[in-house]
Amino acid sequence: MISVAKENFSIRQICDSGQCFRLRKLNQPAHETGSIKKEEGRWKEPKEAAEAERYGLTAFGRFLEIEERQNEITFHCEEEEFEQIWKGYFDLEEDYGKIIALIDEKDDYLLRAAAFGSGVRILRQDLWEMIVSFIISQQNNIKRIRKCIDYLCERYGEKRKTQSGIVYYDFPTPKALSDVSLEDLYACNLGYRSRYIHETAVSIASGQVDLKALRAMAYEEAKTELMKLHGVGVKVAECICLFALHQTQAFPVDTHIHKVLAKQYPEGFPVQRYKGYEGTLQQYIFYYDIMSVSEESMLAYSTNGEWRS
DNA sequence: TACCAGGCAATAA
DNA sequence: TTATTGCCTGGT
């Protein structure tokens, strides 16, 4: 087991940040959105060591159990595995405090967003898994995305078992998905995205688009190459660049970010000032926005029982 | 019941 | 080149 201090690092926040779909709280009904049960309301920091929150992560063909306590995070694996895989996966060699310190002291909104989600990090996830995951994400919500991905893994991924007997499924390979009929993909509730997944799997399994070459490409080139895949547009390509290729200059704009930009940055987000860190800051904004929706709703509810606009 | 959700591709203008 | 529209499905 390996424990690390919680410096700008929160599994709970990463779990809810919308960048990964196979990290989730354990002892919770399958497909529950992220770390919080609806009826529980806001998540509270565990006070005692005994109140550790347990998470399960499936990635790179492995299952990792993680415990989060008030001041530390414990990875249930050997040191070698941690050094070789998870240290890089969670981007633990980057100093996020340094990034937050770059924020314009006059930018109250961005300061609040970064303080709120200071434990969020940009993961280095598997490229193929991110391509499929973000094609599924379009016009979709996190809960359903998780469900669709689970379904694909359980049906077409390799079944595996940890030493302690936990059963999990690897993400299906491009070849495995390219062999699945459109009809069977529709049965996974992928809807019109079924066609995109099928054609993308064929493109990659056939070598028409090369994952290895993609990993070596610079941002603009990688984005253009990704958009050759059916079902991958600008937004999805930028998400893949950010969450798989760790190109932190990517700045995906979805409806949430679009809304925030219009309200907080009518003159445009100062991308020049934050060059190379746009994607990280975007993630703070995104997390702040999706997580504060319920909070804002409560604040908007005035004491006389009427809703303020 | 109708509309929308963390877009995209096809088609029209 | 830019604007509009259909698309699967589950939730409200």
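All values below come from the heavy atoms of this structure, side chains included, with hydrogens, waters and symmetry mates left out. Quick note on labels: first sequence line is chain A, next is B, and so on, each numbered from 1.
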Can you name the side-chain hydrogen bond (donor to acceptor under 3.5 Å, both in side chains) partners of [X], sequence neighbours left out?
{"X": "A:Asp107", "result": "A:Tyr265"}
{"X": "A:Glu67", "result": "A:His76"}
{"X": "A:Thr224", "result": "none"}

Please report the distance, rounded to the nearest Å, between [atom1] in [X] and [atom2] in [N].
{"X": "A:Asn140", "N": "C:dC7", "atom1": "CG", "atom2": "C1'", "answer": "13 Å"}
{"X": "A:Lys259", "N": "B:dA5", "atom1": "NZ", "atom2": "P", "answer": "10 Å"}
{"X": "A:Arg193", "N": "B:dG6", "atom1": "CZ", "atom2": "P", "answer": "12 Å"}
{"X": "A:Ile136", "N": "C:dT9", "atom1": "CD1", "atom2": "C1'", "answer": "13 Å"}
{"X": "A:Asp254", "N": "B:dC4", "atom1": "CG", "atom2": "C1'", "answer": "15 Å"}
{"X": "A:His198", "N": "C:dC8", "atom1": "NE2", "atom2": "P", "answer": "15 Å"}
{"X": "A:Ile145", "N": "C:dG10", "atom1": "CD1", "atom2": "C1'", "answer": "13 Å"}

Can you tell me which stems DNA chain C forms, taking runs of 3 or more consecutive Watson-Crick or G-U pairs with both distances under 3.5 Å?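 For DNA chain C the paired stretches long enough to count as stems (3 pairs minimum) are B:2-5 with C:9-12, B:7-13 with C:1-7.
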Just by protein heavy atoms under 4.0 Å, how would nucleotides 8-13 of chain B read 5' to 3' in B, S and -? BSS---
For the backbone of A:Thr74 and the side chain of A:Ser3, can you confirm whether one donor and one acceptor N or O come within less than 3.5 Å of each other?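 Checked: no pair found.
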I'd like to know if the side chain of A:Asn140 reaches the main chain of A:Ile136, judged simply by a donor and an acceptor atom lying under 3.5 Å from each other, with no hydrogens or angles considered.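 Yes, because the side chain of A:Asn140 sits within donor-acceptor range (under 3.5 Å) of the backbone of A:Ile136.
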By nearest atom, which of the nucleotides B:dG7, B:dG6, C:dC8 is closest to the A:Tyr186 side chain?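 Closest of the options to the side chain of A:Tyr186: C:dC8.
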Where the side chain of A:Asn189 is defined as all heavy atoms beyond and including C-beta, which of B:dG7, B:dG6, C:dG10 is the nearest nucleotide?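 In terms of side-chain proximity for A:Asn189, the closest of B:dG7, B:dG6, C:dG10 is C:dG10.
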Flag the pair A:Glu238 and A:Lys235 as a salt bridge only when some basic side-chain nitrogen lies within less than 4.0 angstrom of an acidic carboxylate oxygen.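 So A:Glu238 does not pair with A:Lys235 through a salt bridge.
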Charged N-O contact under 4.0 Å between A:Asp179 and A:Lys175: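 Looking at A:Asp179 and A:Lys175, the cut-off is met.
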Is A:Ile73 close to A:Glu68 at the side-chain level, that is, under 4.5 Å between some pair of heavy atoms?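 A:Glu68 reaches A:Ile73 side chain to side chain.
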For C:dT5 versus B:dG6, give the span between their P atoms, rounded off to a whole number of Å.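 Comparing P positions in C:dT5 and B:dG6 gives a spacing of 22 Å.
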Can you check the distance between C:dC8 and B:dT11, where both ends of the measurement are the P atom (answer in whole Å)?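 Result for the P pair: 14 Å, nearest Å.
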Scan A:Phe286 against the nucleic acid and name what it touches under 4.0 Å (heavy atoms): base, sugar-phosphate only, or nothing.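 Base, at least one base atom sits under 4.0 Å.
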Pairwise salt bridge (charged side-chain N to carboxylate O under 4.0 Å, His left out) hits with a residue in residues 113-132 of chain A, at least two apart: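 Of all non-adjacent pairs touching residues 113-132 of chain A, those that pass salt bridge (charged side-chain N to carboxylate O under 4.0 Å, His left out) are A:Arg22-A:Glu129, A:Asp91-A:Arg124.
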